[in-house]
Amino acid sequence: SSREDCEGVPVYRGSQDGGKELFQSRNHKNFLSDVAITLALNQAASCGDNSIKIHDLTELKEVYTIIDVEEEKGTLHQIQWTDDGQLLTVSTLSGGVFTYLARLPMLGEACGTRLAYLTSLLEVTIVNDVEEVRMLYFFRHSMIILYMEASLR
């Protein structure tokens, strides 16, 4: 069949002999090339056209996230999660590879009365409950920007 004729993808529960169709989804307008599931995050990702669509497995009818890959129109090919679900990688027919951070690992450290933890790839939060101070460090273009809040309560 041609790309324009693509049908919805049926989702079944149970064995192939006695399975029950739960619903059909047409996630991508012209072309669906691959689907991957991570049980670590309980999510499914599909790629096609120029986008990646992510669904929560508990509510498959709703799209959780859409990632547009504008520079690779119609060439998204295969998609795969890492075993822990932290990274999602898609390859293209032209040889491109895009990797996305799906879940930020919890990274932190304590020293005395201070606790520092990674709140995003560009942000570290430092909390000192004794002095009731919270500091946020943002990393942008080789600069560190510091924000302080005087009270935590």
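- Residues Y100 and T65 have side chains not in contact (no heavy-atom distance under 4.5 Å, counting atoms from C-beta outward).
- By the side-chain contact (heavy atoms from CB on, under 4.5 Å) test, Q86 is found to be paired with T82, D84, R103, P105, residues two or more places apart in sequence or in another chain being considered.
- Counting only N and O atoms by type, the side chains of T58 and D56 include a donor and acceptor under 3.5 Å apart.
- Between V127 and Y117, some side-chain heavy-atom pair lies under the 4.5 Å cut-off.
- Looking at L76 and F31, their side chains never come closer than 4.5 Å, going by heavy atoms from C-beta outward.
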Give the table of side-chain donor-acceptor pairs shorter than 3.5 Å for residues 35-47, with sequence neighbours excluded, one pair per line with atom names and distance.
residue: T38; atom: OG1; partner: A40; partner atom: N; Å: 3.3
residue: S46; atom: OG; partner: N27; partner atom: ND2; Å: 2.9
residue: S46; atom: OG; partner: H28; partner atom: NE2; Å: 2.9

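- Scanning for side-chain contact (heavy atoms from CB on, under 4.5 Å) contacts around E62 gives E59, with sequence neighbours left out.
- Cluster annotation: L87 and L107 are assigned to the same hydrophobic cluster (Ile/Leu/Val/Met/Phe/Trp/Tyr, side-chain heavy-atom contacts under 4.5 Å, transitive).
- No single ILVMFWY cluster, assembled from side-chain heavy atoms under 4.5 Å apart, contains both V63 and I79.
- L115 is not listed as a side-chain neighbour of I126, based on a closest heavy-atom distance of 4.5 Å or more.
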Begin with the C-alpha distance, continue with both residues' side-chain angles, and end with the deciding distance and a verdict on side-chain contact (heavy atoms from CB on, under 4.5 Å) for I52 and F98.
CA-CA 11 Å; I52 300 166; F98 297 88; 6.0 Å; no
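- By the side-chain hydrogen bond (donor to acceptor under 3.5 Å, both in side chains) test, S94 pairs with E72, T92, sequence neighbours left out.
- Here D68 pairs with nothing under the side-chain hydrogen bond (donor to acceptor under 3.5 Å, both in side chains) rule; sequence neighbours left out.
- Residues in residues 106-116 take part in these side-chain hydrogen bond (donor to acceptor under 3.5 Å, both in side chains) pairs, two or more places apart or across chains: T113-N128.
- Here the closest non-hydrogen pair linking L93 and H77 is CD2-ND1, 3.3 Å.
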